[in-house]
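Any value given below was found using the heavy atoms of this structure, including those in side chains, with hydrogens, waters and symmetry copies removed.
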Amino acid sequence: MIPSSNTFTHQIIEQNIKIGDLVLDGTTANGVNTRFLATRVGNEGHVLSYATTKDNANAAAASLFMSGLSERVTLLGHNLTQQLSTDMGERKQISIAIFDYSSDTENTTDKPPHFINQIDLVLPKLTHGGLLITKFNATPKDWLDYLSELIPEDFNQANYTTSATQTFIIERI
């Protein structure tokens, strides 16, 4: 059985996340990834989750509350910006970051024009061995151009394609 992009992504996260990690959901959308990350970081870990619309923030907050996971998540009602270091607090590195612009999170139309700038802010904050995952139903050309410019000695890359979604993984070496 071929796994869906969502199943594949969650398996990769599950294999690489540790209790106590700081992780980031750059695109809260329907909250599926935020909730999943919160269940995996344990009570000592934390999730930074960026909700760009009030509806997304409210839906995620309600879901986290009902799941008993609210204390593990900082739900931020703005795009990821230069303020990332402040948002991270005393924790200095992120082990896993996800930017999901796919139908898996009902987020195919909410990709900001400056999403690569956001990713550029996150990459240097990854731990060595940390992962940045992006998902698209239609892969933007500027994303492919961006990937081609990454230095192979600093980052490994892989991707997984299903009939609807392309998942890209960047690992900081």
*Asks:* Are the side chains of T134 and T167 in contact, using a 4.5 Å heavy-atom criterion?
*Replies:*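 Result no, sub-4.5 Å side-chain heavy-atom pair not found.
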
*Asks:* Within the side chain of N16, is there an N or O that forms a donor-acceptor pair under 3.5 Å with the backbone of I13?
*Replies:*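 Side chain of N16 to backbone of I13: no pair is present.
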
*Asks:* Is any side-chain heavy atom of V73 closer than 4.5 Å to a side-chain heavy atom of H46?
*Replies:*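 V73 does not reach H46 side chain to side chain.
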
*Asks:* Parallel, tilted or perpendicular: which describes the rings of F36 and H10, with under 30° parallel and over 60° perpendicular?
*Replies:*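 Parallel.
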
*Asks:* Checking S67 side chain against L69 main chain: does a donor-acceptor pair fall under 3.5 Å?
*Replies:*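 No, the answer is negative, given that no donor and acceptor are paired below the 3.5 Å cut-off.
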
*Asks:* Once the angle between the rings of F168 and F136 is folded into 0 to 90°, is it parallel (under 30°), tilted (30 to 60°) or perpendicular (over 60°)?
*Replies:*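 It falls in the perpendicular class, over 60°.
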
*Asks:* Decide side-chain contact (heavy atoms from CB on, under 4.5 Å) for V23 and R40; before the verdict, give the C-alpha distance in whole Å, the side-chain angles of both, and the deciding distance to 0.1 Å.
*Replies:* CA-CA 10 Å; V23 298; R40 299 310 189 262; over 6 Å; no

*Asks:* Less than 6.0 Å separating the ring centroids of F115 and Y101?
*Replies:*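 Ring centroids of F115 and Y101 are less than 6.0 Å from each other.
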
*Asks:* Applying the side chain to side chain donor-acceptor pair (under 3.5 Å) criterion to Y50, which one of D25, N79, D87 satisfies it?
*Replies:*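 The option that passes is D87.
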
*Asks:* Please evaluate residues T28 and L75 with respect to the criterion side-chain contact (heavy atoms from CB on, under 4.5 Å), reporting the C-alpha separation (whole Å), side-chain torsions for both, the decisive distance (0.1 Å), and the verdict.
*Replies:* CA-CA 9 Å; T28 302; L75 191 58; 4.1 Å; yes

*Asks:* Do you know the tightest heavy-atom contact between T34 and V47?
*Replies:*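 That would be CG2-CG1, 4.3 Å.
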
*Asks:* Look at the side-chain heavy atoms of Ile, Leu, Val, Met, Phe, Trp and Tyr, link any pair under 4.5 Å apart, and say whether L132 and L150 land in one connected group.
*Replies:*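 Yes.
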
*Asks:* Looking at T9 and S5, would you say the former's side chain and the latter's main chain have a donor-acceptor pair under 3.5 Å?
*Replies:*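 Side chain of T9 to backbone of S5, a donor-acceptor pair under 3.5 Å: yes, one is there.
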
*Asks:* Would you name the heavy atoms of R72 and A38 that are closest together and state the gap between them?
*Replies:*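 Scanning both residues completely, I find the closest heavy atoms to be NH1-O, 2.8 Å.
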
*Asks:* Do you see a donor-acceptor pair shorter than 3.5 Å between the side chains of Q166 and T139?
*Replies:*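 Distance-only check passes for Q166 and T139.
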
*Asks:* Just wondering, do Q93 and L22 contact through their side chains at under 4.5 Å, heavy atoms?
*Replies:*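 Side chain of L22 against side chain of Q93, heavy atoms only: no contact under 4.5 Å found.
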
*Asks:* Is there a donor in the side chain of D100 and an acceptor in the side chain of T27, or the other way round, less than 3.5 Å apart?
*Replies:*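 There is no such pair (donor and acceptor under 3.5 Å, judged by atom type) between the side chains of D100 and T27.
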
*Asks:* Pair L147, I170 - check side-chain contact (heavy atoms from CB on, under 4.5 Å), show working.
*Replies:* CA-CA 9 Å; L147 290 177; I170 300 171; 3.7 Å; yes

*Asks:* Please determine whether side-chain contact (heavy atoms from CB on, under 4.5 Å) holds for the pair L121 and L80, giving the CA-CA distance in whole Å, both sets of side-chain angles, and the decisive distance to 0.1 Å.
*Replies:* CA-CA 8 Å; L121 293 170; L80 194 148; 3.7 Å; yes

*Asks:* Is there a path of hydrophobic side-chain contacts, each under 4.5 Å between heavy atoms of I, L, V, M, F, W or Y residues, that connects Y146 with I169?
*Replies:*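 As far as the 4.5 Å side-chain criterion goes, I169 and Y146 are not connected within one cluster.
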
*Asks:* Which heavy atom in D21 sits nearest to a heavy atom in S95, and how many Å separate them?
*Replies:*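 So the two residues come closest at OD2-OG, 2.9 Å.
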
*Asks:* Assess whether atom CD of E44 is packed by more than 12 heavy atoms of other residues, nucleotides or ligands within 6.0 Å.
*Replies:*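 Yes, enclosed.
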
*Asks:* With side chains defined as the heavy atoms from C-beta onward, is the minimum distance between S85 and K125 less than 4.5 Å?
*Replies:*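 Yes - at least one pair of side-chain heavy atoms lies under 4.5 Å apart.
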
*Asks:* How far apart are the closest heavy atoms of L64 and R35, and which atoms are they?
*Replies:*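 The pair with the smallest heavy-atom distance is CD2-CG, 4.0 Å.
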
*Asks:* According to a 4.5 Å side-chain heavy-atom criterion applied to Ile, Leu, Val, Met, Phe, Trp and Tyr, with indirect links allowed, do F99 and L144 form part of one hydrophobic cluster?
*Replies:*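 Shared cluster, yes.
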
*Asks:* Is it true that I12 and L37 fall in one hydrophobic cluster, defined by side-chain heavy atoms closer than 4.5 Å?
*Replies:*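 Result: yes, single cluster for both.
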
*Asks:* Answer yes or no: is there a side-chain heavy-atom contact under 4.5 Å between Q83 and H78?
*Replies:*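 They are in contact (side-chain heavy atoms under 4.5 Å apart), so the answer is yes.
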
*Asks:* Would you check if R172 and D154 make a side-chain contact, meaning some heavy-atom pair closer than 4.5 Å?
*Replies:*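 A side-chain contact under 4.5 Å is absent here.
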
*Asks:* Between CG of N6 and CG of N33, what distance do you get to the nearest 0.5 Å?
*Replies:*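 So the CG of N6 and the CG of N33 are separated by 6.0 Å.
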
*Asks:* Only one of L84, I98, L126 passes side chain to side chain contact (heavy atoms under 4.5 Å, CB included) with L24; say which it is.
*Replies:*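 Of all the options given, the one that passes is L84.
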
*Asks:* Provide the closest heavy-atom pair for G31 versus A60 in the form atom of the first, atom of the second, distance.
*Replies:*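 Reported closest heavy-atom pair: CA-CB, 4.4 Å.
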
*Asks:* If we only count heavy atoms from C-beta on, is the I173 to F155 side-chain gap below 4.5 Å?
*Replies:*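 No, side chains not in contact.
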
*Asks:* Do I96 and Y160 belong together in a cluster built from hydrophobic side chains that touch within less than 4.5 Å?
*Replies:*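 Yes, I96 and Y160 fall within the same hydrophobic cluster.
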
